[in-house]
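Worksheet: one structure, shown below.
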There are 4 protein chains.
Amino acid sequence: MLTAARELVSEVGYAKLTIEAIAARAGVGKQTIYRWWPSKGAVVFDSILALSEGERGIELPDTGDLEADLKTVLRATAAEFADAEFEAPIRALQTEIINDPDLAAIYREKMEAPMREAKKQRLRSAQRAGQLDADADLDLVLDFLYAPLTQRWLERSRPLDDAFADALVEATLRAFRPA
Amino acid sequence: MLTAARELVSEVGYAKLTIEAIAARAGVGKQTIYRWWPSKGAVVFDSILALSEGERGIELPDTGDLEADLKTVLRATAAEFADAEFEAPIRALQTEIINDPDLAAIYREKMEAPMREAKKQRLRSAQRAGQLDADADLDLVLDFLYAPLTQRWLERSRPLDDAFADALVEATLRAFRPA
Amino acid sequence: MLTAARELVSEVGYAKLTIEAIAARAGVGKQTIYRWWPSKGAVVFDSILALSEGERGIELPDTGDLEADLKTVLRATAAEFADAEFEAPIRALQTEIINDPDLAAIYREKMEAPMREAKKQRLRSAQRAGQLDADADLDLVLDFLYAPLTQRWLERSRPLDDAFADALVEATLRAFRPA
Amino acid sequence: MLTAARELVSEVGYAKLTIEAIAARAGVGKQTIYRWWPSKGAVVFDSILALSEGERGIELPDTGDLEADLKTVLRATAAEFADAEFEAPIRALQTEIINDPDLAAIYREKMEAPMREAKKQRLRSAQRAGQLDADADLDLVLDFLYAPLTQRWLERSRPLDDAFADALVEATLRAFRPA
DNA sequence: CTGTAATCGAGACGGTACGTCGTGTCTTGGT
DNA sequence: ACCAAGACACGACGTACCGTCTCGATTACAG
């Protein structure tokens, strides 16, 4: 069922997705879907969440060079955003998150929190290595790194190229360099 | 018609908004709506856009103290995000922008561009006053100031208080202080 | 549903009858009507047909006096045509029959044929009693008796009184008296 | 406009005929149609009536042999009913007449009355020639001749062949032969 | 093995809204 | 001054899905 949901989001888009279509594709009665999820959003949400369950134990590279590592990671993130296959589901996910506080909370807990923690680990390592201000608010650092990237992708305002990723890292590190 | 659309978005939310309801509220036939807009999204989009048409000639305060001015502006922006009346329409707008590239383009041109230019004016003034790196990429500066704010609001991940606004300004200015 | 259709034909007339009104009156979704009938005409047709399903086993009086019996029957038919309650549905039925060959075929099979057969029985009895030409084409006899009556009613060209009914019977019997 | 109406009745049938289509076909504004006729039925009615205005001064053949003359006329009428081109408009006309008493009255006055009078002329001639009962109710005679024909055509219950036309004439003349 | 439950697919149901079409009225611009 | 063109408020169309509700038929378990 989750697979059917994911496929259909990619094929027809979130707005035109119907529960009947999911049921038909999955070879399942509608009632069975309603038994497990309260809404279309919840199904789609879970279908994407199920995907990310697979990628356990994210860990960021730690070569000792924070700037290089962050550029690697941000360039990869930007490239991922450009992947057509993931575009539709992630935009669907964002749509849900914006409009449904409950799903937003689950999203933060199940998907964002682990990622954020992994990233913070890398930043703490940098703090210990004296490459980052020891007093820096790490949540703020992560926002500086990722929020502009995400926003430009969502609004399609500008291409997400390597230069942009690099500029983000450089400016962020200037803002939070050790005292 | 645009007024009716705006009111209804606030009252029932974007997802539950129907064209029939807009037509009824506006005392208009459905066909008349379809004659002018291709979709529900377009109507809502225009209804919000029409709002901002009113606020002509935005200009940021320029007391000579960039940090103080930016804090004032960002605190105001954060407060605006907290205003219940604007919340529903703006979330609706974001939903549209995320999912419809065409509307996103119009949004950038009609709403974002003028705001962005006004902000850049203030930043250029600061560059002339030696309060900001003369070589700074002003688009990037604006992303640093606004993207984290917007993202936290959209995802409801953390309260948008004055401290957060101040921290954004301070970190951004550290990143782009004059050489 | 059929009851609702019948009532509404009587109330507002066939031309102003809407499927939505039938659905509303019957407390039923429109789709349910469309699931069972292809058109408004078919619903109305069935609603009238269902009525006549009730009156099983029609039999004409047979007192031994053909002329008297036929006058009784034709006067009754004329009176029935004058009944306001049946007028609207029967006119609706005629409208359908005229314009839809398929419904016309069903009408002949389901409604007209049994009536016609019952009438023929009475005529055959009269033939055996020497009151009617043994070689008479009974379909033609029935047309002579009923077609003028029906036509005058449809076109509202003249009142359907007893004298007219009697005249029809007398002339018909003159035309088909035994050799 | 009347021409456009008549063509469209033949092409799409009365039920699917729209005033907008008539206006478009006639190269005329809708308002102009509404200025002259109160309803779709009235337009169609007039369009057919206009046709018959052409055929001035109908007169039935009078060879001196009533039976032969009537058979000629009824066979011709039956053939006319079979003409595909006239079928749609005449059925449309019947539909109007059945459901609208006002149009029915106009129809009787403008179209039926002249025809009926012409036919009566021929019958009176026959009465003078001793071929028809001098006391016969001529309206009734005409009903006997035409009503069965019309009814079978409307209900499509049986083919309208020459044999049927002949049988009608023969039976009618038996019913009304001179005393 | 067999009878009884629980579960599930299928899809009918009462509804709501869709986007389209036609109505009859009103307005506009060109002749 | 007229009239084609067509916008308008309105209402019904026939369709798509909604979320709820029976239906069998197919399992899985108990006796």
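Naming convention: chains lettered A, B, ... in sequence-line order (proteins, then strands); numbering from 1 in each chain. These numbers come from the heavy atoms of this one structure, side chains and all, not from hydrogens, waters or symmetry mates.
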Tell me which of D/Thr18 and A/Ala26 sits closer to the 5' end of DNA chain E, going by the nucleotide each one is nearest to. A/Ala26
Given E/dT7, is OP1 or OP2 found less than 4.0 Å from the side-chain N or O atoms of A/Arg35? no
Within a strict 4.5 Å, meaning less than it, do heavy atoms of the C/Tyr107 and C/Leu49 side chains meet? no
Protein-nucleotide distance (B/Ile19, atom CD1; F/dC10, atom P), rounded to Å: 17 Å
Tell me whether the side-chain N/O atoms of A/Thr32 come closer than 4.0 Å to OP1 or OP2 in E/dG9. yes
Is the closest basic N to carboxylate O distance between C/Arg25 and C/Glu11 below 4.0 Å? yes
Considering heavy-atom distances to DNA chain E, does D/Tyr34 or B/Ala21 have its closest nucleotide positioned more toward the 5' end? B/Ala21
Just call it for C/Trp36: base, sugar-phosphate, or nothing, with non-hydrogen atoms closer than 4.0 Å on any strand. sugar-phosphate
Heavy atoms, side chains only, cut-off 4.5 Å: are D/Ile33 and D/Val43 in contact? yes
Check whether any side-chain N or O of C/Arg108 sits under 3.5 Å from a backbone N or O of D/Glu155 as a donor-acceptor pair, and report yes or no. yes
Looking at E/dG15, does its base get a donor-acceptor pair with the side chain of C/Lys30 below 3.5 Å? no
Measure from CD on A/Gln31 to P on E/dA6 and round the result to the nearest Å. 17 Å
